[in-house]
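Here the structure comes first, spelled out in structure tokens, and everything after it is commentary.
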Amino acid sequence: EAQVTQNPRYLITVTGKKLTVTCSQNMNHEYMSWYRQDPGLGLRQIYYSMNVEVTDKGDVPEGYKVSRKEKRNFPLILESPSPNQTSLYFCASSPTRLADTQYFGPGTRLTVL
Amino acid sequence: QQPVQSPQAVILREGEDAVINCSSSKALYSVHWYRQKHGEAPVFLMILLKGGEQKGHDKISASFNEKKQQSSLYLTASQLSYSGTYFCGTESGYALNFGKGTSLLVTP
């Protein structure tokens, strides 16, 4: 089944404890991105990647890191999480460049205490 | 850089029509429309490319006026299943900026 998977789906952690949220797609898509969703603010793009080893900042990259070493995986790394990073995170992928359907993962709900 | 959506929320009775607007201060190459049900991931509705074309399927259609940097989503004869939050997204280089969303509730 063609899909975008994220793990974990739910995570509660403490301030400063490094964490990684994984994202994987099995559709051979070139473009992948991470979004955070907060009430009243909509979806805001954190980072995106146009292809392997090519990443760039979105609107809200502070406090996050990403890497794209393989086409299928695009992990989101929080080196030192803070409470203001408590949010719902979505990973998405699309076949080529942006003017294409974005397929979203199921989301990861992160709480930083 | 977020596009601006209006209205923020709308309540309809089943069978009524609705229009959701999306505008940007920047020149647009394309506009994306997505719907998100509560607790779920956003789901693709359609993309409109530069050229002012109008697209649609079933009773949901959209228009794109690149000169005005605006797009509108039209929901005709709304059904209960149309309830959710609608987002427009606009491209800026390789980034995709979403609006804050329009909450749509269709009641029986």
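Numbers restart at 1 for each chain; the letters A, B, ... are given by sequence-line order, proteins then strands.
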Select one option (side chain, backbone, both, neither) describing which atoms of [X] are under 4.5 Å from chain B's heavy atoms.
{"X": "A:D56", "result": "neither"}
{"X": "A:Y47", "result": "neither"}
{"X": "A:R109", "result": "neither"}

Check: Taking the six-membered ring where the residue is Trp, are the ring centres of B:Y34 and A:F104 under 6.0 Å apart?
Finding: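 Yes, they do, as the ring centres are separated by less than 6.0 Å.
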Other residues, nucleotides, ligands: >12 heavy atoms within 6.0 Å of [X] [atom1]:
{"X": "B:K37", "atom1": "NZ", "value": "yes"}
{"X": "A:E53", "atom1": "CD", "value": "yes"}
{"X": "A:I12", "atom1": "CD1", "value": "no"}

Notebook entry, point to check: Is there a donor-acceptor pair closer than 3.5 Å between any side-chain N or O of A:Y31 and the backbone N or O of B:Y94?
Noted result: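 Yes, the answer is positive, given that a donor and an acceptor are paired below the 3.5 Å cut-off.
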Notebook entry, point to check: Under 3.5 Å, is there a donor-acceptor pair between the side chain of A:Q45 and the main chain of B:F98?
Noted result: no
Checklist line | Separation of A:L43 CG from B:Q2 CD (nearest 0.5 Å) | finding: 9.0 Å
Checklist line | Portion of B:Q36 that has a non-hydrogen atom of chain A nearer than 4.5 angstrom | finding: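 The side chain, not the backbone.
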Next item on the list: May I ask whether A:Y89 and A:V60 are part of the same hydrophobic cluster, defined by side-chain heavy atoms of I, L, V, M, F, W, Y residues being less than 4.5 angstrom apart, directly or through others?
Entry: yes
Check: Looking at A:G107, A:P106, A:G40, A:A92, which makes the most heavy-atom pairs under 4.5 Å with chain B?
Finding: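 If we count pairs closer than 4.5 Å to chain B, A:G40 comes out on top.
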Next item on the list: With a 4.5 Å cut-off on heavy-atom pairs, point out which of A:M50, A:R44, A:K57 contacts chain B the most.
Entry: A:M50
